[in-house]
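If you're wondering where the values come from, they're calculated on a predicted model, not measured in any experiment.
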Amino acid sequence: MTSKSNSHLPPEFVTYYYTQTLDHFNYKPESYATFQQKYIKNFKYWGGASTSSPIIVYIGEEAPLTFGVHGKGFIVDLASRFKAMLLYIEHRYYGDSMPFGSFDEAFRDANTLGFLSSTQALADCAQLITDVKRNLSAENCPVIAIGGSYGGMLASWLRLKYPHIATGALASSAPILYFDDLTPQNGYHVVVTNDFRDVSESCYNTIKQSWSEIDRVAGQTNGLTTLSNIFQTCSPLNSSKELKDHLGMIYVISAQNDNPPYNPVSKVCGAIDGAPKGTDILGKVAAGLNASLLRGGPEAQCNHIIDFTPKNTSGWTWQTCTEMVMPIGHGENDTMFQGSPFDLNNYTKSCQALFGVTPKPHWITTEFGGHDIKSVLGNFSSNIIFSNGLRDPYSVGGVLEDISDSVVAVYTKDGAHGLDLLDATPSDPEWLLAERQKEIKIIELWIAEHNARLIKTGNRIGF
């Protein structure tokens with residue numbers, strides 16, 4: 001384990017690199033290869049191993065680890081409250097944690113990418129946590145795993161698969177049920193639609209009518225040039241699909257992040273509804289685009305239209321092409337979007353073209369459960385909080401009711417994606433404060449129960 005300072009973080013956050021096993025599940029010679037996995041420790045609040053003070057582990061998602069440190073203030077608040085050490089673990093194949101020595105080598109082909117999976121990532125966490133605890137003589141310290149979105153899924157699965165390592169888990173906005181046929185395929189976009197319609201019926205209607213209008217204008221002579229001008233694109237549009245994909249992404253990102261105090265859905269709809277009298281449908285939608293999260297601020301001179309074509313240089317695309325097959329789609333008239341049903345055959349062809357692999361759409365429910373989730377988690381797990389905001393489109397694939405006394409659902413009607421983990425602000429509404437307080441009380445109980453077991457089994461806790 002090597003350490004170095006990180007100038008982008010406060011000094012108490014110290015970066016380390018762990019020599020991690022490439023393949024935890026095979027015994028071929030190449031499986032014993034290693035790579036350097038990034039992790040961060042913060043001892044600022046820790047009461048120490050002698051008092052069995054907790055270790056709070058942030059489970060990294062599909063992003064560089066600093067994404068998990070910046071802006072996730074609730075985790076630091078928990079550390080302060082419980083005298084906990086903070087341990088942040090970067091997910092393999094993201095950020096600096098690249099097997100085979102470099103990004104180019106790691107993403108060379110399916111043979112090198114084949115070690116990127118949720119099960120390998122969980123085993124990474126189990127091995128790293130065990131080694132960190134051993135080196136600190138902290139074997140008796142309880143571990144609380146925390147993550148958001150995919151990281152939240154991993155946190156809950158870590159508790160399920162490695163209950164001897166994780167004492168409990170807070171899984172924020174973790175759609176563990178968006179697999180197979182467990183959740184309606186259109187559920188995600190239905191929630192997005194409801195978010196917009198709840199804010200403004202006229203905004204919803206404008207968006208719903210805009211798709212056919214975009215197609216109509218695109219079919220005219222110089223239609224794409226007209227659309228480029230209306231939407232102030234930085235580069236000429238190549239197709240109407242390019243524009244529609246970008247607008248669609250704006251709406252889903254706005255809904256997914258529709259948290260106070262920014263409430264991006266209200267900003268987009270405010271701009272659409274507030275367009276000058278006589279503005280046509282596309283002019284209104286363009287005003288919404290200019291007010292959106294993707295505009296880049298008021299100083300932006302034009303709109304960069306993002307290319308959403310899947311690429312073989314994306315770790316998350318590899319994961320969705322192998323095991324994380326979330327069948328998200330929608331029909332022609334069930335949302336405010338144009339029809340785009342999930343088609344496994346086309347999905348498979350795309351993955352085969354990108355990586356030469358065939359997706360395993362049933363593997364996640366085979367590996368972690370999903371069908372009859374109440375029985376799975378009720379009988380075989382404990383100490384998991386599933387937190388959701390119902391304005392988050394992914395909440396439709398989340399656990400929204402208590403499964404047992406200790407596998408519980410905490411949700412808010414007005415929150416969206418991962419809000420409970422974010423930095424506290426003076427303007428936080430009462431319902432958010434209540435949600436966090438409920439989570440704190442549950443985690444406090446887990447820690448107390450852990451320490452009571454230590455005393456009962458004769459492991460002394462110093463004070």
Side-chain angles (χ1 to χ4, degrees), residues 37-42 54-79 84-95 97 116-126 128-129 132 142-163 165-178 256 315-316 319 323-324 326 364 368 377 381 383-389 392 394-395 397-399 407-411 415-423 435-436 439-440 442-443 446:
Q37 183 172 21
K38 183 177 181 177
Y39 68 105
I40 292 172
K41 289 192 289 191
N42 180 345
I55 299 172
I56 294 176
V57 180
Y58 180 82
I59 308 297
E61 65 276 20
E62 69 285 14
L65 187 56
T66 49
F67 280 52
V69 179
H70 291 299
K72 303 291 196 304
F74 183 58
I75 299 165
V76 178
D77 292 343
L78 289 174
M85 169 191 157
L86 289 167
L87 173 63
Y88 299 79
I89 302 175
E90 188 167 71
H91 196 298
R92 57 168 58 200
Y93 287 82
Y94 294 97
S97 300
L116 171 52
S117 70
S118 59
T119 48
Q120 294 282 7
L122 289 172
D124 288 343
C125 291
L128 202 160
I129 292 168
V132 166
V143 169
I144 308 300
I146 298 179
S149 200
Y150 169 55
M153 298 161 83
L154 292 175
S156 69
W157 292 337
L158 185 71
R159 173 60 184 163
L160 177 66
K161 289 289 188 177
Y162 297 93
I165 289 174
T167 307
L170 168 55
S172 176
S173 299
I176 65 166
L177 301 179
Y178 222 135
Q256 193 168 304
W316 185 244
Q319 290 190 258
E323 58 175 4
M324 301 297 294
M326 304 177 81
I364 290 296
F368 300 112
L377 293 179
S381 196
N383 293 6
I384 302 174
I385 301 169
F386 290 100
S387 64
N388 283 280
D392 175 15
Y394 277 121
S395 67
V399 176
V407 179
V408 297
V410 177
Y411 63 85
H417 201 64
L419 177 59
D420 53 335
L421 299 187
L422 302 184
D423 293 345
E435 177 188 20
R436 287 177 175 148
E439 292 168 1
I440 288 167
I442 294 169
I443 293 171
W446 296 344

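With Ser173 contributing its side chain and Gly418 its backbone, the two residues share a donor-acceptor pair below 3.5 Å. Proximity of a side-chain donor or acceptor of Tyr58 to a complementary backbone N or O of Gly148 within less than 3.5 Å is not detected. Glu90 places a side-chain N or O within 3.5 Å of a backbone atom of Leu65 that can act as its donor or acceptor partner. For the pair Ser172 (side chain) and Gly152 (backbone), a donor-acceptor distance under 3.5 Å is absent. Remark: side-chain polar atoms of Asn383 are paired, donor with acceptor, to backbone N or O of Thr167 under 3.5 angstrom. In this structure a side-chain-to-backbone donor-acceptor pair under 3.5 Å is missing from Arg159 to Gly168.
Between Trp446 and Leu170, every side-chain heavy-atom pair lies at or beyond the 4.5 Å cut-off. Side chains of Leu158 and Val57 form no contact here, defined as non-hydrogen atoms less than 4.5 Å apart. Looking at heavy atoms from C-beta onward, Met85 lies in side-chain contact with Val132 at the 4.5 angstrom threshold. Side-chain contact between Leu154 and His91 is present, with heavy atoms from C-beta onward closer than 4.5 Å. Side-chain atoms of Lys38 and Tyr88, non-hydrogen and from C-beta on, never get closer than 4.5 Å to each other. Leu78 has its side chain within reach of Ile146: a pair of non-hydrogen atoms, C-beta onward, lies under 4.5 Å apart.
Remark: of the listed residues Val407, Val410, Val408, Val407 is the sole one forming a side-chain contact (heavy atoms from CB on, under 4.5 Å) with Phe386.
Closest approach of Ala169 to Ala155, counting heavy atoms only: CB-O, 3.3 Å. Of all heavy-atom pairs between Gly151 and Glu61, the closest is N-CB, 3.8 Å. The minimum heavy-atom distance linking Ser381 with Leu160 is given by the pair CB-CD1, 3.8 Å. The two residues Ala171 and Ser156 come nearest to each other via the heavy atoms CB-CB, 4.0 Å.
Put simply, OG on Ser387 and CD on Glu439 are 5.0 Å apart, with the number rounded to the nearest 0.5 Å. Here the CD1 atom belonging to Ile75 is positioned 10.0 Å from the CG atom belonging to Asp423, to the nearest 0.5 angstrom. Taking OH of Tyr394 as the reference point, atom CD1 of Ile176 lies at 15.0 Å (rounded to 0.5 Å). Within the model, atoms CD1 of Ile129 and CD1 of Ile55 stand 8.5 Å from one another, a figure rounded to the nearest 0.5 Å. Here the straight-line distance linking atom NZ of Lys41 with atom CG of Leu86 works out to 12.0 Å at 0.5 Å rounding. Here CD of Gln37 is found 6.5 Å from CD1 of Ile89. Values are rounded to the nearest 0.5 Å.
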Identify each donor-acceptor pair in which a side-chain atom of residues 118-126 lies under 3.5 Å from a protein atom, sequence neighbours left out, and give them as a table.
{"from": "Ser118", "atom 1": "OG", "to": "Glu323", "atom 2": "OE1", "distance (Å)": "3.2"}
{"from": "Ser118", "atom 1": "OG", "to": "Glu323", "atom 2": "OE2", "distance (Å)": "2.9"}
{"from": "Thr119", "atom 1": "OG1", "to": "Ser117", "atom 2": "OG", "distance (Å)": "3.1"}
{"from": "Gln120", "atom 1": "OE1", "to": "His24", "atom 2": "N", "distance (Å)": "3.1"}
{"from": "Gln120", "atom 1": "NE2", "to": "Asp23", "atom 2": "OD1", "distance (Å)": "2.9"}
{"from": "Asp124", "atom 1": "OD1", "to": "His24", "atom 2": "NE2", "distance (Å)": "2.6"}
{"from": "Asp124", "atom 1": "OD1", "to": "Arg92", "atom 2": "NH2", "distance (Å)": "2.8"}
{"from": "Asp124", "atom 1": "OD2", "to": "Arg92", "atom 2": "NE", "distance (Å)": "2.7"}
{"from": "Asp124", "atom 1": "OD2", "to": "Arg92", "atom 2": "NH2", "distance (Å)": "3.4"}

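The neighbour count for Tyr162 OH, taken as heavy atoms of other residues, nucleotides or ligands under 6.0 Å away, is above 12. Heavy atoms of other residues, nucleotides or ligands lying less than 6.0 angstrom from CZ of Phe74 number more than 12.
Side chains of Gln319 and Tyr150: a donor on one and an acceptor on the other come within 3.5 Å.
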